[in-house]
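The structure displayed is predicted, hence computed values, not measured ones.
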Amino acid sequence: MARPSFYPPELRRRAVRMVAEVLGDYPNESAALRAVAEKLGIGSAQTLRNCM
């Protein structure tokens, strides 16, 4: 059985929306993911990438 997510669904949806909104402000997706993850206190860009 999979481990339940540490982050609530609304935070995950918000983070995905934020990445989509700021993608043009960064040179690549990884930079946008890192910036949003840091702003929202999400452990890493990879954690956020897994939400997408």
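The two atoms that bring Val36 and Ala15 nearest to each other are CG1-O, 3.9 Å, heavy atoms only. Contact between Cys51 and Val16 at its shortest, heavy atoms only, is O-CG2, 4.1 Å. Taking every heavy atom of both residues into account, Leu48 and Ala37 meet most closely at CD2-N, 3.9 Å. Counting all heavy atoms, side chain and backbone alike, Tyr7 lies closest to Thr47 at CE1-CG2, 3.7 Å.
If you take CE on Met18 and CZ on Arg13, they are separated by 15.0 Å, rounding to the nearest 0.5 Å.
Taking a cutoff of 4.0 Å between a charged side-chain nitrogen and a carboxylate oxygen, Glu10 and Arg17 qualify as a salt bridge.
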Checklist line | side-chain hydrogen bond (donor to acceptor under 3.5 Å, both in side chains) between Arg34 and Ser44, intermediate numbers included | finding: CA-CA 7 Å; Arg34 280 192 304 274; Ser44 71; over 6 Å; no

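Glu38 CD: 12 or fewer foreign heavy atoms inside a 6.0 Å radius. For CZ of Arg14, the number of neighbouring non-hydrogen atoms (other residues, nucleotides, ligands) closer than 6.0 Å is 12 at most.
Residues Leu40 and Val22 share a single hydrophobic cluster, defined by chaining ILVMFWY side chains whose heavy atoms lie under 4.5 Å apart.
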